[in-house]
Amino acid sequence: MTSTSEGRRANAVKAPVVAGGHTRIRPFNTRDTYPEQNLDNDLCQAVVAGGTVYVRGQIGQDLDTSESVGIGDAEAQAEQAMANIKMLLEEAGSRMEHLVKLTIYLIDPRYREAVYRTVGRWTKGVHPISTGLVVSALARPEWLCEIDAVAVIPGEERA
């Protein structure tokens, strides 16, 4: 990602948008987040559909600056990914204790213990279901793990 002030302005937190009746949290366009690639996709970090929150795969990246964190350190990247998930769930009106599913992608099975230990600290007592996959690569070569999440917004907390 970019570390220029121009890049930071492009990645500034945008107000949620509603499309198709669902709330889109932190909308962005891939031309801003992947400037070296010829992309133009409107995406977001999380979607609230009904009482469910779907969180985009999170990696070792600061969501406010798009800076990669923990380069070469799967545990640090998992820590940032889980912090991002917590922040996005809260922005969507949910909380970590309402996680129901995690999918964890690793580019090397040797990272499993460090990453799962980190995830375990964030989900202690929550007991979400989880699927783990080893993949050949993620979208950027410095990313070692990616975690996506699904959570609910309890009825009494829905706006």
Is there a path of hydrophobic side-chain contacts, each under 4.5 Å between heavy atoms of I/L/V/M/F/W/Y residues, joining Y54 to V17?
no

Where do R56 and C44 come nearest, in terms of heavy atoms and distance?
CD-O, 3.4 Å

Check for a donor-acceptor pair, side chain of N41 on one end and backbone N or O of L43 on the other, with a separation under 3.5 Å.
no

Do I71 and Y111 share a hydrophobic cluster (ILVMFWY, side-chain heavy atoms under 4.5 Å, transitive)?
no

To the closest 0.5 Å, what do you measure between NE2 (H127) and OG1 (T123)?
9.0 Å

Any link between L106 and L133 through a network of hydrophobic side chains (Ile, Leu, Val, Met, Phe, Trp, Tyr) touching at under 4.5 Å?
yes

Could you pull out the closest heavy-atom pair between W143 and S68, with the gap in Å?
NE1-OG, 3.3 Å

CA sep, side-chain torsions, deciding dist, call: R117, E113, side-chain contact (heavy atoms from CB on, under 4.5 Å)
CA-CA 6 Å; R117 196 173 40 243; E113 187 174 345; 3.3 Å; yes

If hydrophobic clusters are built from ILVMFWY residues whose side chains come within less than 4.5 Å, do V47 and I25 share one?
no

Atom pair OG1 (T118) and CD (E79), whose distance is rounded to the nearest 0.5 Å
5.5 Å

Side chain to side chain donor-acceptor pair (under 3.5 Å) between Q80 and Q58: does it pass, once the steps are laid out?
CA-CA 8 Å; Q80 181 67 48; Q58 296 299 305; over 6 Å; no

Inspect the surroundings of CZ in R121 and state if more than 12 heavy atoms from other residues, nucleotides or ligands are less than 6.0 Å away.
yes

Would you give the length of the straight line joining atom CG of L89 to atom CZ of R95, rounded to the nearest 0.5 angstrom?
10.5 Å

If Ile, Leu, Val, Met, Phe, Trp and Tyr residues are connected whenever their side-chain heavy atoms lie under 4.5 Å apart, and connections chain through other members, are M96 and I147 in the same group?
yes

Side chains of I129 and V100 in contact at under 4.5 Å (non-hydrogen atoms)
no

V126 to L99 - nearest heavy-atom pair and separation:
CG1-O, 3.9 Å

From E91 atom CD to L63 atom CG, the distance as rounded to the nearest 0.5 Å
8.0 Å

Quick one: does Q77's side chain have a donor or acceptor within less than 3.5 Å of a partner on L144's backbone?
yes

Stepwise, does the side-chain contact (heavy atoms from CB on, under 4.5 Å) test hold for L88 with R26?
CA-CA 9 Å; L88 292 165; R26 291 186 179 237; 3.7 Å; yes

Looking only at non-hydrogen atoms, find the nearest pair between R24 and P27 and report the distance.
O-CD, 3.9 Å

Take Y105 and D148, measure what side-chain contact (heavy atoms from CB on, under 4.5 Å) needs, and give me the verdict at the end.
CA-CA 9 Å; Y105 305 86; D148 67 43; 3.3 Å; yes

Over all atoms of both residues, closest heavy-atom pair of G93 and I153
O-CG2, 3.5 Å

Worked check of side-chain contact (heavy atoms from CB on, under 4.5 Å) between Q37 and T30
CA-CA 9 Å; Q37 298 177 12; T30 52; over 6 Å; no

Please confirm whether the backbone N or O of Q61 pairs with a side-chain atom of N84, one donor and one acceptor, at under 3.5 Å?
yes

Between C145 and A74, the two heavy atoms sitting closest are SG-O, 3.8 Å

